[in-house]
Amino acid sequence: MDLAGELVAGLEPGAKAADVARALGLPERGAGAPVAALLDGELVDLGAAIAGARKVVLVPATVPEGRAVLRHSTAHVMAQAVTDLWPGASFAIGPAVDDGFYYDFELPGGATLTDADLARIEARMAEIVSEDQPFSREEHTLEDGLALFAGQPYKREIIEAIRSDASGGAGGGIAPTLSVYRNNERFVDLCRGPHVPSTGRLGHFKLLRVAGAYWRGDEHRPQLQRVYGTAFESEELLAEHLARLEEAEARDHRRLGAELDLFSFPREIGSGLAIFHPRGGLVRRLMEDASRERHAAGGYESVFTPHVTKAELFETSGHLEWFADGMFPPMELDEGQRYYVKPMNCPFHILVYRSRQRSYRELPMRLFELGTVYRYEKSGVVHGLTRVRGMTQDDSHIFCTREQMPAELSSIFDLVLDVLGDYGLDDFYMELSTRPEGKAAGSDEEWEEATDALRSVAEGRGLELVVDEGGGAFYGPKISVQARDAIGRSWQVSTVQLDFQLPRRFGLEYVGADNQRQRPVMIHRALFGTVERFLAILLEHYAGALPVWLCPVQVAILPVRDDHEAYARSVYERCTDAGLRAEVDEADEPLGARIRRQKMAKVPYVLVVGDEDVAGGTVGLNRRGGSKPERAVPVGSFIAEAAAEAASKGRARA
RNA sequence: GCCUGGGUAGCUCAGUGGUAGAGCAGCGCACUCGUAAUGCGCAGGCCGUGGGUUCGAUCCCCACCCCAGGCUCCA
């Protein structure tokens with residue numbers, strides 16, 4: 001909604017963004033109504049004067065910036081509701097976040113909120129919305145602000161921070177002003193804005209949960225009561241969003257893991273440690289076998305390394321210096337010798353490399369291991385198979401010359417995309433993490449060369465690339481592959497990381513063609529990330545209906561009556577001969593019940609065999625996700641179809 | 001670690017200051033069926049653990065353990 005210059009010129013002097021909207025005949029209320037404006041790129045209230053702006057863009061709540069304004073305003077309404085219900089409550093910050101907003105409160109007497117309070121807060125919010133209170137902006141000096149928020153310690157702290165920024169920063173000399181938004185005589189909040197013009201523009205919101213959250217995210221500071229909510233510009237979009245949340249819950253891999261009898265987390269073992277049941281074990285083995293085959297075909301060599309090691313190894317690697325918090329505490333053995341359970345495979349693979357002198361002729365050397373590692377995660381952060389204390393990485397370390405690095409990175413990306421394709425994941429973006437500010441191992445030149453190499457391989461494949469400036473680890477730049485799942489969430493899967501640190505720490509070398517000792521480049525990479533987490537992602541992506549090649553049972557054969565069992569067995573034999581995993585579900589229960597059970601187990605092909613099939617050599621075929629079952633399908637053609645589907649792995653067949 | 005919610009049968013959950021219930025799953029018997037739940041019966045419980053209050057605690061109080069969600073997104 002750009003506005004031509006002449007229309008701006010035609011407006012009254014002192015015109016506001018809202019006047020522009022009116023001149024354009026835009027609605028004041030409703031989902032498409034503007035909620036804010038961009039004046040030369042700066043997001044402001046509709047009540048802001050447009051004087052001097054060359055370009056005015058009206059922003060509706062249907063775009064992300066506008067929706068954030070709507071949510072932020074809803075957060076203010078929530079803060080007002082909470083301060084009405086808990087007089088004396090202080091409030092900290094209340095930003096819009098992905099998919100919603102939150103506000104942090106400190107209630108009088110250290111009171112805490114419970115889920116039951118959410119309904120009360122929502123009810124009060126609805127009243128505030130129906131009162132249609134204006135959001136009016138005021139500007140104040142810092143001193144006025146401190147007085148205005150005399151009873152609000154967190155707001156005062158924020159103002160003090162602004163003061164010290166202003167005096168210490170480069171903008172010295174300009175006295176900063178504060179903006180506040182006043183809704184009525186009682187509620188005024190320190191806020192940058194912008195906001196919707198009045199609370200009546202809001203209303204499609206839902207409070208979702210309460211949580212403790214530390215002030216400034218610092219566990220040494222007070223814990224505040226955080227209320228999360230979400231808001232949309234229409235009831236329909238809100239309902240859709242809530243339905244999506246339910247859908248995500250139905251796809252929860254922990255729930256599916258139990259329902260499909262794949263794995264469990266027995267309390268006896270401890271937090272974040274899974275056991276795989278036979279069916280889950282089968283899926284896992286299929287993934288791991290496929291991984292081994294891919295790696296062998298890609299020129300990788302399998303190595304095996306122990307799960308525990310003396311402290312020395314992690315002292316040399318530096319892990320004990322900067323990663324000790326993430327490691328299980330040591331065991332004391334052999335007269336005070338400290339042993340650690342390994343949190344990473346890399347130092348072991350380095351020892352493989354260093355086990356003898358290496359020649360440039362051996363490079364690139366690609367070492368692969370399905371390496372199980374253990375990391376100490378705080379008890380509150382473990383989550384199903386996605387955040388665990390024990391996990392198996394499909395971990396490789398590649399040692400190559402600097403000249404070989406671009407080609408190696410290129411082949412790694414081929415492998416990554418190929419492998420992920422086997423699992424039907426084909427919607428990705430890449431995230432490039434570059435050199436962090438301050439200390440970083442390696443020279444500028446090395447960083448630049450490596451970062452460029454990573455960037456150009458990703459770009460060469462036309463992949464969407466997001467740069468996380470300064471987000472790399474100190475030991476080298478990284479690219480991660482983020483896969484989007486069926487309901488639009490993204491998950492970090494593969495990572496490719498250059499490392500300038502470990503080759504130096506371990507003194508790695510090779511002898512070059514010129515007979516000089518050189519330092520190899522080291523690349524860490526994992527394709528799944530971890531087998532456990534990758535399985536969790538697949539389960540959530542497919543809502544449990546895994547690609548046929550990964551299904552523990554691919555074909556269930558259901559004889560209608562006992563006397564069809566012999567025929568069912570013969571179909572079973574033909575399936576297994578064709579390499580399909582099949583089972584016969586005998587006729588000791590009604591057919592409907594058996595079909596239901598197989599369907600709930602997400603078996604991709606349910607076959608019913610009765611008189612007609614015995615006579616004709618056919619099966620009744622009920623496909624997973626199919627509309628109607630098919631009768632009288634010749635056994636041979638069914639097997640051909642199923643075998644082709646399994647062989648295609650996760651890829652759509654032409 | 002901290003905040004919130006929760007731990008009752010294998011699973012999902014109901015319940016009360018007077019020592020417990022449902023559905024599903026399991027087991028037995030009968031049923032032999034053409035596309036998402038056949039019927040009847042049986043069995044199954046240290047009501048998370050330890051203390052306390054009480055004549056009596058699964059229930060009330062305290063402590064602990066475990067599980068889930070949250071604790072990055074800056075007025």
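The figures that follow rest on heavy atoms only: side chains count, while hydrogens, waters and symmetry mates do not. A note on names: the letters A, B, ... follow the listed sequences, proteins ahead of strands, and every chain is numbered from 1.
Distances from the side chain of Arg216(A) to the nucleotides A75(B), U35(B), C74(B) place C74(B) closest. Here the nucleotide nearest the side chain of Asp611(A), chosen from A75(B), G34(B), G70(B), is G34(B). Closest to the Ala213(A) side chain, of the nucleotides A75(B), C71(B), U35(B), is C71(B). Nearest nucleotide to the Arg561(A) side chain, out of C74(B), C33(B), U35(B): C33(B). Across G34(B), U32(B), A75(B), the shortest atom-to-atom separation from the side chain of Ala587(A) is found for U32(B).
One N or O donor and one acceptor, one from the side chain of Tyr214(A) and one from the base of G1(B), sit under 3.5 Å apart. The base of G34(B) lies close enough to the side chain of Asp613(A) for a donor and an acceptor atom to sit less than 3.5 Å apart.
A side-chain donor from one of Ser480(A) and Gln482(A) sits under 3.5 Å from a side-chain acceptor of the other. A donor-acceptor contact closer than 3.5 angstrom links the side chains of Asp611(A) and His564(A). Thr434(A) and Glu469(A) are linked by a side-chain donor-acceptor pair at a separation below 3.5 angstrom, with hydrogens and angles left out of the test.
Close to G69(B), at under 4.0 Å from its OP1 or OP2, lies no side-chain N or O of Arg209(A). Of the side-chain N and O atoms in Arg254(A), one or more sit less than 4.0 angstrom from OP1 or OP2 of G69(B). For Tyr102(A), a side-chain nitrogen or oxygen approaches OP1 or OP2 of C73(B) to under 4.0 Å. For the pair His383(A) and G69(B), the criterion of a side-chain N or O lying under 4.0 Å from OP1 or OP2 is met. A close approach under 4.0 Å does not occur between any side-chain nitrogen or oxygen of Arg226(A) and OP1 or OP2 of G70(B). Residue Tyr228(A) has no polar side-chain atom (N or O) positioned under 4.0 Å from OP1 or OP2 of G69(B).
For G48(B) and C13(B), the P atoms lie 15 Å apart once the distance is rounded to whole Å. When the C1' atom is used for both G17(B) and C55(B), the distance is 12 Å, rounded to whole Å. For the C1' atom pair drawn from C46(B) and U32(B), the interatomic distance equals 45 Å after rounding to whole Å. Between G5(B) and G21(B), the two C1' atoms lie 24 Å apart (nearest whole Å). G41(B) and A25(B): their P atoms are spaced 16 Å apart (whole Å). C47(B) sits 14 Å from G6(B) when the C1' atoms are compared, rounded to a whole Å. Annotation: G44(B) and G28(B) have their C1' atoms spaced 14 Å apart (nearest Å). As rounded to the nearest Å, A30(B) and C66(B) have C1' atoms that lie 44 Å from one another.
Looking at RNA chain B, the stems built from 3 or more consecutive Watson-Crick or G-U wobble pairs, each pair with its key distances under 3.5 Å, are B:1-7 with B:65-71, B:10-13 with B:21-24, B:26-30 with B:38-42, B:48-52 with B:60-64.
Between Phe328(A) and Tyr374(A), the ring-plane angle classifies as perpendicular under the 30° and 60° cut-offs. Between His253(A) and Phe263(A), the two ring planes are tilted [angle within 30° to 60°].
A salt bridge links Glu157(A) with Arg221(A): the distance from a Lys NZ or Arg NE/NH1/NH2 to an Asp or Glu carboxylate oxygen falls below 4.0 Å.
Taking a 6.0 Å sphere around NZ of Lys206(A), one finds it holds 12 or fewer heavy atoms contributed by other residues, nucleotides or ligands.
Separation of the His72(A) and Phe101(A) ring centroids does not fall under the 6.0 Å cut-off.
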